[in-house]
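First the structure, in the form of structure tokens, and then the observations on it.
Because the structure is a prediction, the values reported are computed rather than measured. In what follows, every chain begins at residue 1, and chains take the letters A, B, ... in the order their sequences are listed.
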Amino acid sequence: MSLHLRQAERLHEILVRRFGAEVPSAEQILVEVPRERKFGDFSSNIALVLAKQVKANPRQLAAELAEDLAATDTIATASAAGPGFINWTLTDAAWQKTLAEIIQADSNWIFRDLGQGKAVNVEFVSANPTGPLTVGHARGAILGDVLADVLQRFGWKVEREYYINDAGNQIDTLADTILLRMREAEGEDIGEIPRGLYPGEYLKPIGVALAEQKDKVLGTCADPEARRTAAAAFAVEKIMQGVQADLTALGVRHDVFTSDKALREAGAVERAIAVLKERDLVYRGVLEPPKGEDPPEDWEPRQQLLFRATQFGDESDRPLQRSNGDWTYLAGDMAYHYDKFTRSAEKLINVWGADHVGYIPRITSALAALSDSKANLRIVVCQLVRVLRDGREVRMSKREGSFVTLGSVVEEVGRDALRFMLLTRKPSAPLDFDLSVVVKQSLENPLFYVQYAHARACSVLRLAVETFPDMPHDPSSGEITKAAVQTADLSLLTADAEREVIATLASAPQALEATLRALEPHRITAWLRTLAASFHGMWQAGRADENSRFIVASDRSLSEARLALVLATRDGLGEVLRLLGVTPADRL
RNA sequence: GCGCUCGUAGCUCAGCUGGAUUAGAGCGAGUGCCUUCUAAGCACUAGGUCGGAGGUUCGAGUCCUCCCGAGCGCGCCA
């Protein structure tokens, strides 16, 4: 159990004793770390929250609760403050015990089983298979990947999914472009790529590949539609190979790739629409013209199959079928989400780019309609990424085909730096990504700062062996092992800087659970930076005063105690870095 | 026109989903600290009417309304 939660439990027990069972649970009691350390290790507003319910003066109630807290053996001081806050500090022994538990528990102390094996489906990336991934996609990819990992560590059964939009107009366009590129590869002068097709250079190699395998892929197809279908399948497969290569380079993995086309061919759309019909949620009707500044010129009112999205809070009913009889994107997508829902995922998470925000009410209303409001869908919107170099924006023009591909960025800055940087901002905020900063070895580069702390800790663990050669150590890394500090007398850790590091370490569950709640991994990178800062601070104390160093040759016991803290810090940093898909550095 | 997101120090951003006694970091600017475990660091100083105006509340950067500004979006595209 986390230290925070344990504090809340103390309060809960005290409340039960005083007021009986009708009090907030430990999970509901807010326990915070005050901004200023001098106000205490923890604080709570519970007296303010409860004052009305129990008809007490908040200040008076806080004082009484503080008195009860102070009587607890792990709590050193507790007092009421302000309008009714309670501040308290733990005893040195309690902090030392916290560290001891962290060391004993390996890294499991950070996580608890909140998911209890429940199934959650995380759909992310799902970039259209018409071109390579960009840095923008990478943000969503890493976000989804880390959220999936975090959910898994907290006990959920996670399925990681990629939805391939391999049906619809864009795929026809792709096929036409590829067939043209094939003719170009065969020596024909195709001139400019006509308007309406994809002009990007990245499709050239696929045209060449198609020319090489023309007989095998297109065979003797004379029918233009059959040729198109074959070319499309060929191009999608090639592009998806590239996408998967980029994802692999990023360290991002999916369990399932679901094809829109395959779902449609299997009748998923008809099934979904049948469900809606049963509930009287589809009808034939005519829509109002779209409300854009300049409505499409070719717009004209038509009778079509519509879904009553307005009944679920959407601003307008939505078409399911085009005039040529094809299903709309929404029809396919609702069928897909219904499919995910019926695959028994109790929770669905979609990671989407900011350019899809307008579509959220549509899909949420569609899924609510299909699932009888039973589906639990959360959509994490990921704002756009601006790529900079030396503070100047690098243009990402897909038209020119000269846009910054994910592959090129990973090559330039490395997987770890890219992952960490893209995780430092909350998803809902736009992100500037400066290629020249992430390779810098300084504080400007937050990953470096954290890696430096990790490497410093590793360095101390190696050097300990020089002073104390008999300490158990790992021959390959040269670092002392846990066995060396297992019996350390942690009561020797009483310095402020040391307690600070323990406190930061112990707050890891807070950062991780906040990520889980808000689906915002930047809280994890923030925690890493805080822990790194505490550690750098503690390190520095040893520069001012030799007796404050981790390794004090004349005092074996003190050294062991401090090395225990160094080891715990190193493992905490390492564990959480790895959770983010970043490899901790043993040296820099 | 409408919807969503964002607006916090010169710059880039946190602010734990309503808490206080001084709104926090980093960069940039200024000062100090290496015969000492990595100075790739640490400590300190300067810098903010939290876009603006109302409102709800014991209590608002956080919630509500309106306004201003930026980004993204609005279809028988996906």
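Atom CG in A:L463 sits about 9 Å away from atom C1' in B:rU38, given to the nearest Å. Between the P atom of B:rC16 and the CD1 atom of A:I524 lies a distance of 16 Å, rounded to the nearest Å. To the nearest angstrom, P of B:rG59 lies 18 Å from CZ of A:R59.
Separation of the C1' atoms belonging to B:rA40 and B:rC27 is 15 Å when rounded to the nearest angstrom. Using C1' as the reference atom, B:rC6 and B:rU62 are 15 Å apart when rounded to the nearest Å. Here the separation of B:rG18 from B:rC50, taken at their C1' atoms, is 16 Å to the nearest Å. Look at the C1' atom in both B:rC42 and B:rU57: the space between them is 43 Å, to the nearest Å. Straight-line distance between the C1' atoms of B:rU65 and B:rA60: roughly 15 Å, to the nearest whole Å. Remark: the separation of the P atoms in B:rC63 and B:rC4 is 14 Å, to the nearest Å.
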(message) Can you build the contact string for nucleotides 19-24 of chain B? Use B for base contact, S for sugar-phosphate-only contact, and - for no protein heavy atom under 4.0 Å.
(response) BBBB--
(request) Go along nucleotides 4-11 of chain B 5' to 3' and tag each nucleotide: B for a protein heavy atom under 4.0 Å from its base, S when only backbone or sugar atoms are that close, - otherwise. (result) SSS-----
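Take the nearest nucleotide of RNA chain B for A:H522 and for A:S323: the residue whose nucleotide is more 5' is A:H522. Where A:A533 and A:R517 each meet RNA chain B at their nearest nucleotide, the meeting point lying more 5' is that of A:R517.
Figure legend: cation-pi geometry between A:R322 and A:W327 absent, as NZ or CZ is not positioned both under 6.0 Å from the six-membered ring centre and within 45° of its axis.
Between A:Y449 and B:rC42 there is a side-chain N or O to OP1 or OP2 distance below 4.0 Å.
At least one side-chain heavy atom of A:Q540 sits under 4.5 Å from a side-chain heavy atom of A:R543. Annotation: side chain of A:L565 is in contact with side chain of A:M538 (closest heavy-atom distance under 4.5 Å). Between A:K340 and A:N350 the shortest side-chain heavy-atom distance falls below 4.5 Å.
Which of B:rA78, B:rA39, B:rU38 sits closest to the side chain of A:R543 comes down to B:rA39.
Syn is the conformation of B:rC34, whose glycosidic angle sits no further than 90° from 0.
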(message) Assess the residue pair A:E520 and A:R378 against the criterion (salt bridge (Lys or Arg N to Asp or Glu O under 4.0 Å)); give the C-alpha distance rounded to whole Å, side-chain angles, the decisive distance to 0.1 Å, and a yes or no.
(response) CA-CA 13 Å; A:E520 292 177 346; A:R378 279 185 74 179; over 6 Å; no
(message) As a quick check of understanding, evaluate side chain to side chain donor-acceptor pair (under 3.5 Å) for A:R462 and A:H473, giving each step before the final call.
(response) CA-CA 8 Å; A:R462 286 191 297 267; A:H473 59 277; over 6 Å; no
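Aromatic rings of A:F124 and A:F257 (six-membered ring for Trp) have centroids beyond the 6.0 Å cut-off, not under it. Annotation: A:Y359 is in aromatic contact with A:Y329 [ring centroid separation under 6.0 Å].
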(request) Toss me the dot-bracket line for RNA chain B: Watson-Crick and G-U wobble, both under 3.5 Å, 5' to 3', using | for pairs to another strand and [ ] for crossers. (result) (((((((..((((.....[....)))).(((((.......))))).....(((((..]....))))))))))))....
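Residues A:E513 and A:R517 are not paired through a salt bridge, judged by the lack of any N-O separation under 4.0 Å between the basic side chain and the carboxylate.
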